[in-house]
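Throughout, protein chains are lettered first and strands after them, A, B, ... in sequence-line order, and every chain is numbered starting at 1.
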Amino acid sequence: MERGRLRAVFPFLAMLSSEVGLPGMPQELHKAYDPAAIEDRWAAYWVNERLFHAEAGDSAARPFTMLLPPPNVTGNLHMGHMFEHTETDILIRWHRMLGETTLWVPGTDHAGIATQMLVERQVTSEGKTRQQLGREAFIERVWQWREHYGGAILEQMKRLGASVDWSREYFTMDEGLSVAVKEAFVRLHEQGLIYRGAYIVNWCPRCQTAISDLEVVHEEQQGKLWEIRYPVLGKHGKPETGQFLTIATTRPETMLGDVAVAVNPEDARYRHLHGKKLLLPLMDREIPVVADSWVSADFGTGAVKVTPAHDANDFAIGQRHGLKSISVMDDTAHINAEGGKYAGLDRYVARKRILKDLEAQGLLGTVREHTNSIGKCDRCQTVVEPRLSTQWFVKIQPLADKAIEAVEQGYIKFTPAQYAKTYFEWMRNIHDWCISRQLWWGHRIPAWHCAACGKITVARETPAVCEHCGNANLTQETDVLDTWFSSGLLPFTVFGWPKRTRDLDNFYPTQLLLTGFDILFFWVARMIMLGCHFMSDVPMADGSERDLKDAVPFREVYIHALVRDADRQKMSKTKGNVIDPIEIVQRYGTDAVRFTLAAMASPGTDIAFSAARTEGYRAFANKIWNAAHLIFMNVDRAAEAGIHVDLGSENPANTLEARWIALRLNAVAGEMNQALGEYRFHEAANLVYQFFWGDFCDWYLEIVKLRLDFSDAADKATLALNTLVATFEAALRLLSPFMPFITEELWHAVYDGKPPAKSVALSQYPQANAKVVDAQTEAEMGQLQELIVTIRALRKDLEVPERELAAAEIQTSAAMQRLASDNHEIVQKLARVSAFTFPAESKLNPGNTRTTANFNVGLAFEKQIDVAAERERLQKKLEQYEKVLGNADRQLNNETFLAKAPEKIVAGLKKQASEAASLRQETLDAIEKLAQLA
RNA sequence: GGGCGGUUAGCUCAGUUGGUUAGAGCGCCUGCCUUACAAGCAGGAUGUCGGGGGUUCGAGUCCCUCACUGCCCACCA
C-alpha cells in the first residue's frame with residue numbers, strides 16, 4: 001500500500017496531510033463515505049469486464065443457475081424489484097464465491113396487454129386508432145417503442161450492481177424464443193392437449209380480448225338483487241292471468257339472452273311449473289322452465305334465469321338441457337342485434353332502460369340491496385363480461401398431474417413451505433387454460449383457417465395448402481398467445497430449446513426460482529407444468545432418459561415477501577406512497593438500500609420499508625469506510641518505516657485480540673454460510689453487521705491500535721498489521737454479497753490496486769474451519785470485556801470526567817489477575833484507567849465498587865455519595881439476584897426436572913445459581929457497609 | 001363459503017427443532033468534538049411476549065379457544 005493509492009481511495013487524505021493541517025481543514029470537505037463517488041464506476045466495470053459471464057462447463061462444480069423473473073418491457077424498477085434483485089444477487093454472489101459456475105439470466109417480457117395498451121395510448125394521443133393504423137403498422141410501432149424505451153429496468157439493474165450475465169439477455173419476442181413458442185404450441189396440439197371451442201370466457205370489453213381466470217380480480221361490491229316476474233304461459237301459448245314465475249338477478253340486462261328459467265327439482269313451490277313455458281318479458285320469447293339441481297331453493301326466489309351466452313353456470317345448465325345460447329352483447333359490451341330495441345346500448349344503459357320498461361309493465365318485483373363480488377380486468381379495472389366465444393385452450397389436467405407429482409415427490413421444494421399447500425390447492429382445482437388473446441402484440445397462434453373447408457391446419461411453418469382438403473386459400477389465425485404461455489417455457493427456451501444445446505444440458509434445471517407469491521399461479525405453476533411436460537422428452541447430458549426429478553424447471557422456489565411502506569401499506573400509485581428505489585439509492589447509496597432490504601428480509605414477513613433504517617445502514621457503510629481509513633493510514637505509516645504488509649503471511653499475530661478476532665471471524669463465517677443456505681437473509685445481514693461494527697471496530701480495532709508502533713518493537717507491529725489487514729480483507733469478502741460496491745472499492749485498495757482477482761466477487765467466500773476451537777481465548781476475551789465494560793459503567797456512575805483517568809483496584813482469581821496484568825495496556829486504554837492493583841480487600845465505599853461473577857472492581861474517585869440512591873441501586877440488584885436465585889433453586893429442587901432436563905441445562909442452571917448466590921452475598925455486604933457509612 | 005398468515009419495548013421488527021436472566025435497529029435519557037468515524041464514542045431506561053385455558057420438569061415457542069387484523073382462493077343467480 002503506497003501513499004499514492006491511499007490518496008486515490010481517500011482523496012481527503014491529501015488535505016489531511018497537507019500543510020494546511022487539521023485545525024484549518026475546510027468544513028466542506030466531508031470525511032464521510034460518498035457512495036456516489038464510487039458506485040457508477042464499479043457498476044460499469046462489472047458490466048464492461050463481463051465478470052459475471054458464465055459458460056457451460058466452466059467448472060466441475062454443480063452450476064448454480066437462476067432465471068430473472070422477466071419484468072415487463074414497459075416496466076420501471078420499483079422497490080419490489082429491487083428487493084427481489086437484492087435477495088437474488090446476494091445468493092448469486094455468494095454461490096459464485098463458493099466457486100460454483102454461477103449464472104443469472106436476465107431478460108424482459110413482451111407483456112401483451114400492458115405493452116399494447118401503452119402504445120395504443122400513444123397512437124390515440126396522435127388522434128389515430130390502432131385499427132386505422134392496421135395490424136402490421138401497429139406492431140411496427142410497438143417494436144419502435146421497445147427500441148427506444150424498452151428495458152429501462154435492465155439498465156437500472158446494471159446501475160444497482162445485479163451480477164447477471166448480460167450476454168444472455170433475452171426478450172420473449174426474440175426470434176429464437178418465438179420459434180420455441182411455436183414448437184411448444186404445435187407439439188401440444190399434436191399431443192391432443194390443445195383444443196379450440198366456444199365456451200364462456202372472461203371478456204374485457206375495453207381490451208377487447210379474452211382473459212384467463214387469473215387475470216380477473218374479484219371485488220366486493222354493494223349491488224342490487226332485482227326480482228322480475230316472468231308470465232307463465234298456458235295451454236294455448238297465452239299468458240295465464242296472474243300467473244308468474246319470479247326470478248332474481250343481479251344482471252337484468254342479460255335477460256335479453258335468456259333461454260330458460262331453472263328451478264331446483266326438489267323445490268315444492270315450483271314443481272307444478274316443470275315443463276311449462278314462460279314468456280320472456282320485453283323480448284316476447286317463449287322459454288321453458290327447467291329443473292336443475294344446481295339451483296339452490298333458498299337463494300333469492302329459488303328461480304334462476306338462464307343465459308348460457310353470458311354466464312358460466314348458465315352455460316353449464318344450457319349444456320345439460322340442450323338449450324341454445326343467444327349472445328346479446330358485442331366485443332365492447334354493447335347490446336347487439338339480438339337485443340331487439342336495446343341494440344346499440346351500453347350494458348349499463350341497457351340495464352337502466354330494461355328496469356324502467358319492466359317497471360312500466362308491472363313486472364319488476366322487490367329490489368334488495370345485495371353485496372356480491374364482481375370480476376374486473378387485472379390490467380384496466382374494467383368490469384369483465386362472461387361471454388361465449390371461440391378460444392384456444394390447453395387441456396391442463398395431464399400437465400397438472402405431473403406438476404403435482406413433482407412437488408409431492410420433493411423434486412421441487414418451496415420456501416416458506418406453506419406455499420406448497422397453496423400450490424396444491426390451486427393445482428388440484430385447476431381449469432383448462434384459455435391461451436388465446438384477441439390482441440395484436442404477442443406470439444401469433446400458428447394455425448391457419450381454410451376458406452374452402454373451414455378446417456384448421458396447425459403447423460410450424462406457414463403451410464402451402466390445407467392439410468384437410470388441399471385448398472391453398474389459407475389465412476392465419478389472428479389471435480395471439482397469452483403472454484404467460486411464452487414465459488412459462490422460459491426455463492428451457494432461454495437455453496436454446498427445442499435445440500439440444502450445451503447450455504440446456506448444463507444449466508437445466510435451474511437451481512432456484514426467487515419470486516413473489518403474486519405470480520405463483522400465473523408463472524411458477526405454469527413453468528412447472530410446462531417444464532415437466534416438455535423436458536421429460538429431452539435426454540440428459542449423458543444421453544440417458546430424463547426422469548421427472550430432472551425435468552422440473554427448478555429445484556427450489558423461494559417466495560419472497562412484499563415491500564410495503566413504513567406504515568405497512570401496500571405501495572400503490574393511487575395512494576401516492578410509492579418509494580422510488582432510485583431516489584433512495586441516490587440519497588443513501590445502493591449498498592445501504594440493499595443492506596436495509598436484506599436485513600429486513602425475514603422469510604414470510606412483509607417488509608415495512610423505512611428510510612430511517614437505511615440511514616442506519618448508510619452509517620454502517622461509513623463506519624467501514626472509516627475503519628479502512630484507519631487501517632490504510634497505518635499501512636502508510638508502516639511503509640514509511642520500510643515495513644510492507646504481507647497478506648499471504650502464514651504467521652499471524654499471537655496476541656489475545658488477534659486470536660479472538662480470528663475466532664469470531666471463523667464463527668461468523670460459519671453462521672453466515674448456514675443462514676444464507678436457508679434464505680435467512682436478515683440473520684446473515686445482522687451477523688455481518690454485528691461482527692464488523694461490534695467485534696471488529698469496537699473491540700479489535702481499538703485494541704490493535706496499541707500494537708501499531710513501528711518505531712519500536714517493529715516485529716510485533718508488523719505481525720499485528722498483517723493480521724489486521726488480512727482480517728479486514730476477509731471481512732470485506734464476507735460482506736461483499738450484501739454491499740458489493742464499498743467492498744469492491746476497499747478490497748482493491750487493500751491490494752493496492754493489484755488484487756489477486758478482478759473483483760472481490762470472484763474471490764472466495766470465507767468458510768468456517770470446524771477445527772478452530774479455542775475456548776480459553778474466548779473466555780479470556782470475554783472476561784476482559786466484562787472488566788472494561790464494568791469499569792466504564794462505574795466511571796459513569798461516579799461521574800468521572802471523560803478525560804480523567806482513574807485508579808482501579810480489583811479482587812479476583814489469580815488467573816484473572818494474570819489476565820488483567822498481561823493485558824493492562826488494553827484495560828487502561830479502553831476503560832480509561834491510570835493503573836490497577838489487586839488488594840485482598842477493598843477499602844472503598846460500596847458506591848465506588850461493582851461486583852460481577854468474576855471479580856469485584858473499585859475506582860478510587862472521590863464522589864459525594866448519595867446514600868439513598870446507592871441503597872436503591874443495591875436493592876434493585878439484590879432483587880434481581882434473588883429472582884434468578886429463586887428461579888434456579890426452584891428448578892434445581894425439582895427432582896423431575898433433574899431427571900428429565902438435559903445435563904447441559906442443569907449444569908448451566910447450577911452455575912447460574914452459585915453465581916447469583918455469591919453476588920447476592922456481596923450485595924448484602926455492600927448494603928451493610930452502606931448502613932455503617934450513613 | 002374455503003384456506004393461509006400476523007398480534008413480542010414508544011416505533012419497525014428478530015427470536016431455527018420448547019431449555020439457563022426475551023433481543024436488534026430507530027427513537028428516548030446522560031456524558032463526551034478521546035487525531036478512523038458526531039453518519040461517531042461511552043453509559044442508561046423501557047416488555048403482564050393480544051386474552052383465557054391446556055400439555056410439559058420447563059411455553060414467546062406445542063395444542064384448544066376467543067378477540068382483533070392482513071392476505072389468497074371460490075360459478076351462488
Side-chain angles (χ1 to χ4, degrees), chain A residues 16 22 30-33 200 213 218 225 247-251 262 294-296 299-301 303-307 311-316 370 372-373 386 416 418-419 421-422 425-426 429 517-518 520-521 562 566-568 588 599-600 602 604-610 612-613 615-634 674-675 678 680 682-683 686 689-690 697-698 701-702 705 789 792-797 799 801-803 829 832 880-881 883-884 887-888 891 894-902 904-913 916:
Chain A
L16 263 179
L22 269 170
H30 245 288
K31 291 193 284 181
Y33 170 54
I200 294 284
D213 294 347
H218 293 272
L225 187 64
I247 59 94
T249 182
T250 55
R251 307 206 46 209
W294 177 81
V295 181
S296 69
F299 184 89
T301 61
V304 190
K305 61 194 269 315
V306 180
T307 324
D311 184 282
N313 290 311
D314 291 12
F315 184 77
H370 180 71
N372 61 340
S373 81
Q418 81 232 22
Y419 283 106
K421 257 184 170 172
T422 315
E425 191 66 25
W426 187 77
N429 296 297
F517 70 87
D518 51 329
L520 183 59
F521 307 137
L562 232 57
D567 300 320
R568 306 211 115 262
Y588 300 105
M600 300 184 83
S602 162
T605 310
D606 284 349
I607 289 181
F609 188 90
S610 90
R613 197 78 188 255
E615 217 169 307
Y617 292 124
R618 178 185 59 177
F620 179 47
N622 187 48
K623 185 78 183 173
I624 294 162
W625 188 257
N626 279 299
H629 183 192
L630 171 70
I631 293 166
F632 293 156
M633 269 191 357
N634 280 291
Q674 175 99 23
E678 293 164 24
R680 298 201 309 266
H682 72 286
E683 207 174 295
N686 287 330
Y689 180 91
Q690 178 53 40
C697 291
D698 288 348
L701 272 186
E702 288 306 324
K705 282 180 194 171
V789 167
R792 281 171 178 170
L794 184 52
R795 285 175 53 100
K796 282 279 180 196
D797 287 348
E799 292 170 17
E802 211 73 31
R803 311 208 99 174
K829 173 156 184 270
R832 302 197 61 77
Q880 189 191 326
Y881 298 139
K883 189 181 150 206
V884 173
N887 184 41
Q891 293 196 71
N894 183 330
E895 281 182 26
T896 335
F897 170 75
L898 293 174
K900 291 193 174 179
K904 191 181 133 203
I905 299 296
V906 178
L909 209 56
K910 278 183 181 160
K911 184 168 174 240
Q912 189 195 329

Report all interatomic pairs (protein N or O, nucleotide N or O of nucleotides 59-63 of chain B) with separations under 3.5 Å.
none

Query - Under 3.5 Å donor-acceptor pair, A:Glu702 side-chain atoms to B:A36 base atoms - result: yes
Determine the contact category for [X]: base if any of its heavy atoms lies under 4.0 Å from a base atom, sugar-phosphate if only primed atoms, P, OP1 or OP2 are that close, otherwise nothing.
{"X": "A:Tyr33", "answer": "base"}
{"X": "A:Asp797", "answer": "nothing"}
{"X": "A:Glu425", "answer": "nothing"}
{"X": "A:Trp294", "answer": "base"}
{"X": "A:Val789", "answer": "sugar-phosphate"}
{"X": "A:Ser296", "answer": "base"}
{"X": "A:Ala312", "answer": "nothing"}
{"X": "A:Arg803", "answer": "sugar-phosphate"}
{"X": "A:Pro902", "answer": "base"}
{"X": "A:Asn372", "answer": "sugar-phosphate"}

Write down the distance between [atom1] ([X]) and [atom2] ([N]), rounded to a whole number of angstrom.
{"X": "A:Gln880", "N": "B:U21", "atom1": "CD", "atom2": "C1'", "value": "7 Å"}
{"X": "A:Asn429", "N": "B:G2", "atom1": "CG", "atom2": "C1'", "value": "10 Å"}
{"X": "A:Lys829", "N": "B:C41", "atom1": "NZ", "atom2": "P", "value": "14 Å"}
{"X": "A:Phe315", "N": "B:C76", "atom1": "CZ", "atom2": "P", "value": "18 Å"}

Report task. Identify which nucleotide among B:A36, B:C26, B:C72 has an atom closest to any side-chain atom of A:Met633, counting heavy atoms from C-beta outward. Result ->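 The answer is B:A36.
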Report task. Give the nucleotide from the list B:G43, B:U21, B:A77 with an atom nearest to the side chain of A:Val884. Result ->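 So the nucleotide nearest the side chain must be B:U21.
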Query raised in the report: Want to know the stems of RNA chain B: at least 3 consecutive Watson-Crick or G-U pairs with distances under 3.5 Å, which are they?
Result: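 So far as stems of 3 or more pairs are concerned, RNA chain B shows B:1-7 with B:67-73, B:10-13 with B:23-26, B:28-32 with B:40-44, B:50-54 with B:62-66.
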Query raised in the report: Is A:Arg613 near enough to B:U12 that one of its side-chain N or O atoms lies under 4.0 angstrom from OP1 or OP2?
Result: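 No, no such contact exists.
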Query raised in the report: Looking at A:Lys421, does any N or O in its side chain come under 4.0 Å of the phosphate oxygens OP1/OP2 on B:C4?
Result: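 Indeed, a polar side-chain atom of A:Lys421 lies that close.
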